[in-house]
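Just so it is clear, the model here is predicted, and its values are computed rather than measured.
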Amino acid sequence: MLNQIKNNPHFPYLCTSKTNPMLELNYIRENAAEVAARLAIKNIDAAASLQKIIDIDARRREAQKQLDDNLAESNAIARQVGDLFKSGKAAEAGELKARTAELKILAKDLAESLDNLTVEQNNLLVLLPNVPHPSVPKGKTPEDNEIVHSEGEMPKLYEGAVPHWDLASKYDIIDFELGNKVTGAGFPFYKGQGARLQRALINFFLDNAVEAGYREIQPPLVVNEASGYGTGQLPDKDGQMYFCEVDKLYLIPTAEVPITNIYRDVIVKAADFPIKNAAYSNCFRREAGSYGKDVRGLNRLHQFDKVEIVQIQHPDNSYQTLEEMREYVAGLLRKLELPFRVLKLCGGDMSFTSSLTYDFEVYSAAQQRWLEVSSVSNFESFQANRMKLRFKDESGKTRLCHTLNGSALALPRIVASLLENNQTADGIRMPAALVKYTGFEMIK
RNA sequence: GGAGAGAUGGCCGAGUGGUCGAAGGCGCACGCCUGGAAAGUGUGUAUAUGCCAAAAGCGUAUCAUGGGUUCGAAUCCCAUUCUCUCCGCCA
């Protein structure tokens, strides 16, 4: 991991003395044992690293104090010299100048060692993932995730039922070959009723989000480096994003990045909580290292469509909000009549940035597989700390907000299960809630 | 792509070397005034960090970013980034 960071072309940017790390330093300093224990749930042994961070911190603060004292003296002298000049005592001023010269040399050293210590400390901090919520189960693989909810009836398929990639060509609604020709694997064309179904789902999801109180946003699809860092994609997932070298811009892997970064360096009003934004966007993911049945058909694409919901909340209310968002996503799947289950991710399967994550999986009957269609997470103050997203609390104190987001929903796997689960000998039936959006009841 | 102008606090906007963290205005908060409101009026209103158990207080840094000149920089010099205007190109 450290090498990964060191070889990262963004290393200089990420690890300056001004980099705001992930976990709050004060929190680490006062709760090192607890942080270590909780990171262990993510299978990370951080004890040594934490101790090092705390040691460096003591030295850093000492250096800061020395530097500040030095500068204070310089400033005092400068004021005196000014006064002396004004009252025509140039000779006395000359003596004082000599002292500032000394101080200046010293200050340079002090500033340098302060900077070095800060960089060293940030290099360690930047590698620490977010601490998981106490309820997160220990575990290493997706098998260790906890199924917290299941709902819906398993579809009974007719005898000629086939997986969605066969349905795609049978009805000529999604063309993977054409995508290969024009772009490459993982960039399909949607055609005719397939394209219409995409548009229908996007509108359906956005209308539902707006009805639930989210503000609709159309974000840029490319972002700068600072934004990638703010939401935690950088440096952790650098290799997973498409990068435009000439302009130093990243194609977004999710609308979460531009939407949450709206609030980078912002101090919001407590009265505005909860802040709710939703956006439809294309998402671009390189998916380096994926292969096999996971990438067949719509199961994993390089470009796909997704509606994302993002909330900014008061720290006291963020877990209640997480449950609300979870219920909201469940409601969408209910309306689409898809059988689904909800998993609470185990420590080993959680993302770098998350404190608690629920994954939603729908059952895709012809493949006989569960497909992840949504991930709803509370990041607590992790992203907020990185992007300096804060609010003023009741006593006027500036504190970090909590950020949350969730897919609501990602399209391709929804389409896969809709096609597979609803196929009949006469065509593919659309769920009732979607008909006013598609304009048709059957794909034929 | 060519030429020019610019970047100051939540916003507008003054400030070309000496208590400038920064005038003035707007906004905001609280108070007075009012039956209530408006108007008027008074006070307050950045962030980070260090010392301190903490508050108070004090120190330090921050006028796009990074360097430099100087005893002293928002102010002078250099580099970078970004924004705007005009021209060209173009949906």
Pairwise C1' distance, B:rA79 and B:rU69 [rounded to whole Å]: 15 Å
d(CZ, A:R79; P, B:rC20) in whole Å: 11 Å
Interatomic distance where CG belongs to A:L106 and P belongs to B:rC71 [whole Å]: 17 Å
Short side-chain N/O contact from A:R61 to OP1 or OP2 of B:rC51, under 4.0 Å: yes
Any A:R60 side-chain nitrogen or oxygen under 4.0 Å from OP1 or OP2 of B:rU49: no
Closest-nucleotide 5' rank along RNA chain B - winner of A:A72 and A:I267: A:I267
Cationic tip of A:K344 above A:Y358 ring, under 6.0 Å, 45° of axis: no
P spacing across the pair B:rC71 / B:rC58, given as an integer number of angstrom: 30 Å
Separation of the C1' atoms in B:rA53 and B:rA48, to the nearest angstrom: 22 Å
Nearest-nucleotide pick for A:K392, side chain only, options being B:rU60, B:rC71, B:rU47: B:rU47
Touch class at under 4.0 angstrom, heavy-atom based, for A:I77 against every strand present: nothing
Under 4.0 angstrom between A:N75 side-chain N/O and B:rU60 OP1 or OP2: yes
cation_pi(A:R386, A:Y229) dist<6.0 Å, angle<=45: yes
Watson-Crick and G-U pairing of RNA chain B written in dot-bracket, each distance under 3.5 angstrom, with | for inter-strand partners: ((((((((.[[[..)..(.....]]]((((((.......))))))((((((.....)))))).[[[[[..)....]]]]])))))))....
Interatomic distance at P, B:rG42 relative to B:rU47, whole Å: 26 Å
Sugar-phosphate only, base, or nothing, as touched by A:T398 at under 4.0 Å among non-hydrogen atoms: sugar-phosphate
Nearest-angstrom distance, C1' atom, B:rG10 to B:rG18: 30 Å
B:rC63 versus B:rA56 - spacing of their P atoms, nearest Å: 26 Å
Electrostatic pair A:R99-A:E73, nearest N-O below 4.0 angstrom: yes
Rounded C1' spacing from B:rG59 to B:rU19 in Å: 15 Å
Candidate list A:T357, A:N405, A:N130, A:T403, test side chain to side chain donor-acceptor pair (under 3.5 Å), partner A:S377, passing option: A:T357
A:Y328 side chain vs A:A209 backbone, donor-acceptor pair below 3.5 Å: yes
Phosphate OP1/OP2 of B:rG72 contacted by A:K104 side-chain N/O (<4.0 Å): yes
Contact summary for A:H164 and A:L298, nearest pair of heavy atoms: NE2-N, 2.8 Å
Side-chain N,O (A:R390) to OP1/OP2 (B:rA48) below 4.0 Å: yes
Value rounded to 0.5 Å, distance of CG in A:N378 from CG in A:L404: 4.0 Å
Whole-Å distance separating the CD atom of A:E225 from the C1' atom of B:rU65: 14 Å
Protein-nucleotide distance (A:D265, atom CG; B:rA46, atom C1'), rounded to Å: 13 Å
Rounded interatomic separation in angstrom, taking CG from A:N26 and P from B:rG50: 7 Å
Most 5' of A:L67 and A:K97 on RNA chain B, judged by nearest nucleotide: A:L67
Phosphate contact (B:rG59 OP1 or OP2) by A:N70 side-chain N/O below 4.0 Å: no
Atom-pair distance (CZ on A:R264; C1' on B:rU47), nearest Å: 17 Å
Ring centres under 6.0 angstrom apart (A:H314, A:F391): yes
Flag, side chain of A:S354 to backbone of A:S351, donor-acceptor distance under 3.5 Å: no
Atom pair distance, as rounded to whole Å: CD1 in A:I56 and P in B:rG50: 15 Å
B:rA7 and B:rU80, which share atom name C1', separated by this distance in whole Å: 14 Å
Value in whole Å for how far the P atom of B:rU70 lies from CG of A:L71: 17 Å
